[in-house]
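Please read these numbers as outputs of a predicted model, since none were measured by experiment. Note on naming: letters A, B, ... go to the chains in the order of the sequence lines (proteins, then strands), and numbering restarts at 1 for each one.
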Amino acid sequence: MSKLPFSFYQNDDVNDLAVQLLGKRLFTRIDGQLTAGIIVETEAYKGVEDKASHAYGGRYTDRTKVMYENGGLSYVYLCYGIHHLFNVVTAPKETPHAVLIRGLEPLTGVDLMMERRGMSVLKPNITAGPGALAKAMGIDRLLNAKDLTGEEIWIEEAASDWQSAEIVAGPRIGVDYAADHALLPWRYYLKGNKYVSKPNS
DNA sequence: CGCCCGATCTGCT
DNA sequence: GCAGATCGGGCGG
């Protein structure tokens, strides 16, 4: 066990941190049931100056307030009324940066992930995409604002064979509304991995 | 208080 | 390729 420490999440360069999260292992233990996957796709959301961020312009509400906490907490919210999306809050207190986890390669508890997804045959879309992976990992709003060094949801160091995977950067997905920030290449993924939500762009 | 729409996924065409 | 699902947040009145 090599859980990432509190200090890892205090980095205030959210793009650097989004890249560093690739290859690391996300775990949840829900009702005693362990599931885990390797992070293969992330997106950086750069706080108050990023038009695609929920904290753009300093917006501070019941939903977004956790983004302003110290790095190392979860930010889970409901999107389109259906999907829960999981983010890692980063940077020191008052700097509302976050990294959206968009793709995961299943590692542990795959049978349970399939059951949660209602799948009888394992296919890459089990955890390709932020809504899909949250469902597979059992992540919902009850896991919002959790300490990522705790016992319910946490991230561990990458296995050695994942530290040299090739990384690609491209525009973020589904943020056309962010106007001149929509094309910033703040999405990162492992080249060729099956569990990346969209292979191109 | 009411209206609009979203960091998406699925299934049908 | 595209519409529908589904509901809470955010903002204007």
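A:L78 is not connected to A:M137 by any chain of hydrophobic side-chain contacts under 4.5 Å among Ile, Leu, Val, Met, Phe, Trp and Tyr, and they are in different clusters.
Near-neighbour residues of DNA chain C inside residues 43-78 of chain A, defined by a heavy atom below 4.0 Å, number-ordered: A:R59, A:T61, A:R63, A:T64. For residues 104-114 of chain A, proximity to DNA chain C is found at no residue, defined as any non-hydrogen atom under 4.0 angstrom from a strand atom.
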Which pairs, protein N/O on one side and nucleotides 2-4 of chain B N/O on the other, fall under 3.5 Å?
none

Using a cutoff of under 3.5 Å, can you pull out all pairs of nitrogen or oxygen atoms linking the protein to nucleotides 9-12 of chain B, with atom names and distances?
{"unit_1": "B:dC9", "atom_1": "OP1", "unit_2": "A:G129", "atom_2": "O", "d": "3.4"}
{"unit_1": "B:dC9", "atom_1": "OP1", "unit_2": "A:P130", "atom_2": "N", "d": "3.1"}
{"unit_1": "B:dC9", "atom_1": "OP1", "unit_2": "A:G131", "atom_2": "N", "d": "3.1"}
{"unit_1": "B:dC9", "atom_1": "OP1", "unit_2": "A:A132", "atom_2": "N", "d": "3.3"}
{"unit_1": "B:dC9", "atom_1": "O4'", "unit_2": "A:H83", "atom_2": "NE2", "d": "3.1"}
{"unit_1": "B:dT10", "atom_1": "OP1", "unit_2": "A:R117", "atom_2": "NH1", "d": "2.7"}
{"unit_1": "B:dT10", "atom_1": "OP1", "unit_2": "A:R117", "atom_2": "NH2", "d": "2.6"}

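The nucleotide range of DNA chain C contacted by chain A, defined by atoms under 4.0 angstrom from heavy atoms of the protein and reported 5' to 3', is C:dA5 to C:dC11.
When side chains are defined from C-beta on, A:Y75 counts as touching A:N144, because their heavy atoms get closer than 4.5 Å. Between A:F86 and A:T28, every side-chain heavy-atom pair lies at or beyond the 4.5 Å cut-off.
Between A:E156 and A:K24, no side-chain nitrogen of the basic residue sits less than 4.0 Å from a carboxylate oxygen of the acidic one, so the salt-bridge criterion is not met. A salt bridge is defined here as a Lys NZ or Arg NE, NH1 or NH2 lying under 4.0 Å from an Asp or Glu carboxylate O, and A:K146 with A:E152 meets this definition.
The CZ atom of A:R187 lies 12.0 Å from the CZ atom of A:R172; values are rounded to the nearest 0.5 Å.
Residue whose closest nucleotide on DNA chain C sits further toward the 5' end, between A:R141 and A:I82: A:I82.
The shortest heavy-atom contact between A:A165 and A:L190 is CB-CD2, 3.8 Å.
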Subject >> Per-nucleotide pairing state of DNA chain C [Watson-Crick or G-U, under 3.5 Å; [ ] pseudoknot-crossing; | other strand] >> reply: |||||.||||||.
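Using modelled atom types, one finds no donor on one side chain facing an acceptor on the other under 3.5 Å when comparing A:H181 with A:Y56.
With P as the reference atom, B:dG2 and C:dT6 are 22 Å apart, rounded to whole Å. For the P atom pair drawn from C:dG1 and B:dA7, the interatomic distance equals 23 Å after rounding to whole Å.
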